[in-house]
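The chains referred to below are lettered A, B, ... by the order of the sequence lines, with proteins before strands, and numbering in each begins at 1.
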There are 2 protein chains.
Amino acid sequence: MASTRAGPNLSRIAASLGVSVATVSNALSGKGRVSAELVERIRATAAALGYVPSQAGRALRTGRSGVLGLVLPDISNPLFPQIAQAVEYAASVAGYGILIADSRGDIGMQTEAINRLVERGVDGMVIVPRRGTRIADAGCPVAVIDTPSTPGNTVSADHWQGGREIATHLRDLGHRKILLIGASSTSNVQNDRIGGFKSALDATIKTEVLWIEKLEEQNGPGCLLGLADKARQGFTAFAALSDLHALRALTELQRAGIAVPDSATVTGFDDLIWSAVVTPALTTMRMDMETIAEIAIAALVNAIENGGPIEKGGPGEAAADEPLPGSRLVTAEKSRVPMQLVVRQSSGPGPARTNLSAENS
Amino acid sequence: MASTRAGPNLSRIAASLGVSVATVSNALSGKGRVSAELVERIRATAAALGYVPSQAGRALRTGRSGVLGLVLPDISNPLFPQIAQAVEYAASVAGYGILIADSRGDIGMQTEAINRLVERGVDGMVIVPRRGTRIADAGCPVAVIDTPSTPGNTVSADHWQGGREIATHLRDLGHRKILLIGASSTSNVQNDRIGGFKSALDATIKTEVLWIEKLEEQNGPGCLLGLADKARQGFTAFAALSDLHALRALTELQRAGIAVPDSATVTGFDDLIWSAVVTPALTTMRMDMETIAEIAIAALVNAIENGGPIEKGGPGEAAADEPLPGSRLVTAEKSRVPMQLVVRQSSGPGPARTNLSAENS
DNA sequence: AGGCGTTGATTAAACGATTAATCAATCTTT
DNA sequence: AAAGATTGATTAATCGTTTAATCAACGCCT
């Protein structure tokens, strides 16, 4: 078979300089023994010929593909593209490419997706799991980005602290009756956000949780959440556990003639792209995706290149959740990244603060 | 160097069966000359040992990595994750992996991203360009997904037809004064949508275009679009060129006390995830991303595996736009995929239809 | 002068899979 | 029976890069 390479290989450079292939390789990699003068000549020739190393040759020899897998539950869900973007960037900075594996909301497909990555020979994987995700013995290091309460989680936003922050914000605004709006009680992320929320409030503040998935099972997809009724029942704040739910609450309230934030405050989580442009702009919690991705990729690359800290997942680890068995899970020194409150126009004073102002004047 | 492979290789299977490595390879690939009985034995042994072919070995010998690149302008922009998802799925069905390259809204970075993919030895690329994207001589087949008016476009939604459809919908609803809301006049996609829109209307219907980027340059990011004023000027329909802009229009009108769709109709494009859940649910145009991705991947794979139809891009091609020089652009038989109108609650009757009803009764 | 250490290169082999060419045995045709 | 064709396997080489081991030449120290 004639060479299928479009560009030059090492032997072409070696031939044109009258040196060995190994010398060219050593010169370009800065290893081995090559005089400084010859290094310069080799590098100049390589540049002039437009030499691009063969990843296949390199991978075969070194046992490393230079590629990481990214496993996502559903990239069309608005939260995950941010993760993909941050992870891809951090990986490229570290010299790795990202092979994407999306399971389109189907958990069973995540195992398939993981296996496909294994077959591709990825050096490691970043997995954003969903309830039920099972990580086969990937045979490579794995970083998990979910929430700190997930067993084997490598690094993630501190969803609990995020919940506390938004709750504190609403408490300080004077809200005493708050409806939390979430997707599903089976999600670790959502439960941690709620847990943190409630931990910041005392018994004088009443909270209730509305699970959208449950409601849609009864009333069909896209059904009204019944927020106008909740407002009439005295709820003055609607704390959604994601911006998507917040958007839904906002438009439903406004459509019902309930002015936001005058008569009802709406908050979200995740600071999605449209949060700043809707009217009123949305108050939300922001995740530092860049830092999360950097930490995850750094831990993964460390495990790949230096055999860094790895936690062997398996039965007997944490108990509360389905364990992720037989994995080579990487750990990071810093595994919780604080969320940041972004106050915009959708949050306004509640009755307790309005009353307080009246008493002071 | 000892083998770094976690699993067995062909020679392990060959040794355990007392046959040659070439026989094992032939049996597993269905090529060459191997008796049916021996094929079965080899396959059973491979399965029992958990054999996974080495992509590196295969790529080196065949000159093919089995990986395609996907170049996106900004995956965190709500439109592009759909594309990524559809492309990844179509590629995996065709047996290819997708290496993602995102330029985070920075056009200069797209060239870098493309070069990184070249270095990775991808077999081909799918590129979603932005104004100014330059495709270096990638040395591999390239499929472009933008809009039919983009030179070198492989396949895309028929944005013109989409514009016609939404315009017809609004015309039939009785709207005679329509504000179009777009991002930037430099986008081929947006201009085709507007072109189609206007082509469906005659002189009795007045349209105006509001460019958000221009407005934000003057008034800052996230500024109000001034839609309440437009409504007072008699505009009864707000036809946004994307769902993101439609969402912005919807919330701004609602906040200003202008009921949607009672007093103002709002439509979008792209049928993003939240279009069906906001109140009122959004009328929009839907792209058949699955079909687009299938066509693009099929054309690309055909070019890779069979040397199928390739259009050599370069100067002298189409003139209207910046040409994409030196590319190996693939073509597809069907390059326009119709968009589909999705009517939901955000669109309602306009004055001409209300008047017509009054005359009839 | 002889021995040892260092330098700068090359040789040889490895990694794993694929594939064209070759060969021995068997079958079919003349 | 001899020649030609077919079958089912193996041999040999390739792809491109990396890397351990080796070697010749030179410099330094005793």
Side-chain angles (χ1 to χ4, degrees), chain A residues 1-42 46 49-66 118-121 123 139 305, chain B residues 1-43 45-46 49-67 95 118-121 123 139 305:
Chain A
M1 174 190 263
S3 172
T4 54
R5 283 270 285 175
N9 54 14
L10 287 187
S11 57
R12 171 112 170 263
I13 297 171
S16 69
L17 290 174
V19 298
S20 73
V21 166
T23 297
V24 177
S25 178
N26 287 333
L28 294 180
S29 66
K31 296 182 183 176
R33 299 178 167 289
V34 191
S35 67
E37 179 206 9
L38 188 52
V39 167
E40 278 311 306
R41 287 173 56 211
I42 288 169
L49 292 179
Y51 169 71
V52 176
S54 157
Q55 280 296 331
R58 188 173 278 176
L60 186 56
R61 185 61 175 83
T62 62
R64 297 248 179 87
S65 61
V118 171
E119 287 169 9
R120 292 258 169 238
D123 298 336
E305 298 183 1
Chain B
M1 172 192 261
S3 172
T4 54
R5 284 269 286 172
N9 54 15
L10 287 188
S11 57
R12 170 110 171 263
I13 298 171
S16 69
L17 291 174
V19 298
S20 72
V21 166
T23 297
V24 177
S25 178
N26 287 332
L28 294 180
S29 67
K31 297 182 184 176
R33 300 182 166 291
V34 191
S35 68
E37 179 205 11
L38 187 54
V39 168
E40 279 311 304
R41 289 174 57 210
I42 288 169
R43 284 184 175 162
T45 304
L49 293 179
Y51 168 71
V52 176
S54 157
Q55 281 295 332
R58 186 173 279 178
L60 186 56
R61 184 62 176 81
T62 62
R64 298 247 179 89
S65 62
V67 172
V118 171
E119 287 170 10
R120 291 255 171 241
D123 297 334
E305 298 182 1

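Here A:Gln55 contributes atom CD and A:Thr62 contributes atom OG1; the two are 8.5 Å apart, rounded to the nearest 0.5 Å. Between B:Leu10 atom CG and B:Tyr51 atom OH the span is 3.5 Å, to the nearest 0.5 Å. Rounded to the nearest 0.5 Å, atoms CG (A:Leu60) and OG (B:Ser54) are 5.5 Å apart.
Where the helix from C:dA1-D:dT30 to C:dT30-D:dA1 starts and where it ends, the local axes point in directions that differ by 50°; five pairs per end, rounded to 10°.
Side chains of B:Arg12 and B:Leu49 form a contact here, defined as non-hydrogen atoms less than 4.5 Å apart.
Closest of all the heavy-atom pairs between A:Asp123 and A:Gly63 is OD1-O, 4.4 Å. In terms of heavy atoms, A:Pro8 sits closest to A:Gly50 at CD-O, 3.8 Å.
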Show, in sequence, the C-alpha distance, side-chain angles and deciding distance for B:Leu17 and B:Arg41, and conclude whether the side-chain contact (heavy atoms from CB on, under 4.5 Å) test is met.
CA-CA 8 Å; B:Leu17 291 174; B:Arg41 289 174 57 210; 3.8 Å; yes

I'd like to know whether A:Arg64 forms a side-chain contact (heavy atoms from CB on, under 4.5 Å) with A:Arg58, so could you lay out the CA-CA distance, the side-chain angles of the two residues, the decisive distance to 0.1 Å, and finally the verdict.
CA-CA 8 Å; A:Arg64 297 248 179 87; A:Arg58 188 173 278 176; over 6 Å; no

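Residue whose closest nucleotide on DNA chain D sits further toward the 5' end, between B:Val34 and A:Gly57: B:Val34.
Distance B:Ile42 CD1 to D:dG8 C1': 11 Å, rounded to the nearest Å. Atom-to-atom, CZ of A:Arg58 to C1' of C:dG16 comes out at 18 Å; the value is rounded to the nearest Å. Protein atom OH of A:Tyr51 is 10 Å distant from nucleotide atom P of D:dG16, rounded to whole Å. If you measure from atom CD1 of A:Ile13 to atom P of D:dT18, you get 11 Å, rounded to the nearest angstrom. Counting to the nearest Å, the P atom of C:dG16 and the CD atom of A:Glu119 are 17 Å from each other. Rounded to whole Å, the distance from CD on B:Gln55 to C1' on D:dG16 is 17 Å. Note: CG (B:Leu10) to P (C:dC15) measures 13 Å, nearest angstrom. Atom CG of A:Asn9 and atom C1' of D:dC15 are 10 Å apart (whole Å).
Contact between the side-chain N/O atoms of B:Lys31 and the OP1/OP2 oxygens of C:dT19 is found at a separation under 4.0 Å. Not one side-chain nitrogen or oxygen of A:Ser54 sits closer than 4.0 Å to the OP1 or OP2 atom of D:dC15. A sub-4.0 Å separation between OP1 or OP2 of D:dC15 and a side-chain N or O of B:Thr62 is absent. Using a 4.0 Å cut-off, no side-chain N or O of B:Arg61 falls inside it from OP1 or OP2 of D:dT14.
Evaluation of the side-chain contact (heavy atoms from CB on, under 4.5 Å) rule for B:Ser35 yields B:Glu37, B:Leu38 as partners, not counting sequence neighbours. Residues that satisfy the side-chain contact (heavy atoms from CB on, under 4.5 Å) test with B:Ala27, not counting sequence neighbours, are B:Val34, B:Val39, B:Ile42.
Residue pairs that meet the side-chain hydrogen bond (donor to acceptor under 3.5 Å, both in side chains) test with at least one member in residues 20-29 of chain B, sequence neighbours left out, are B:Ser20-B:Thr23.
If you check residues 15-28 of chain A against DNA chain D, the residues with a heavy atom closer than 4.0 Å are A:Val21, A:Ala22, A:Ser25, A:Asn26, listed by number.
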Reading 5' to 3' through nucleotides 21-28 of chain C, protein heavy-atom contacts under 4.0 Å coded B for base, S for sugar-phosphate only, - for none
--------

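With hydrogens and angles ignored, the 3.5 Å screen pairs no side-chain donor or acceptor of B:Ser65 with any backbone N or O of B:Ala59.
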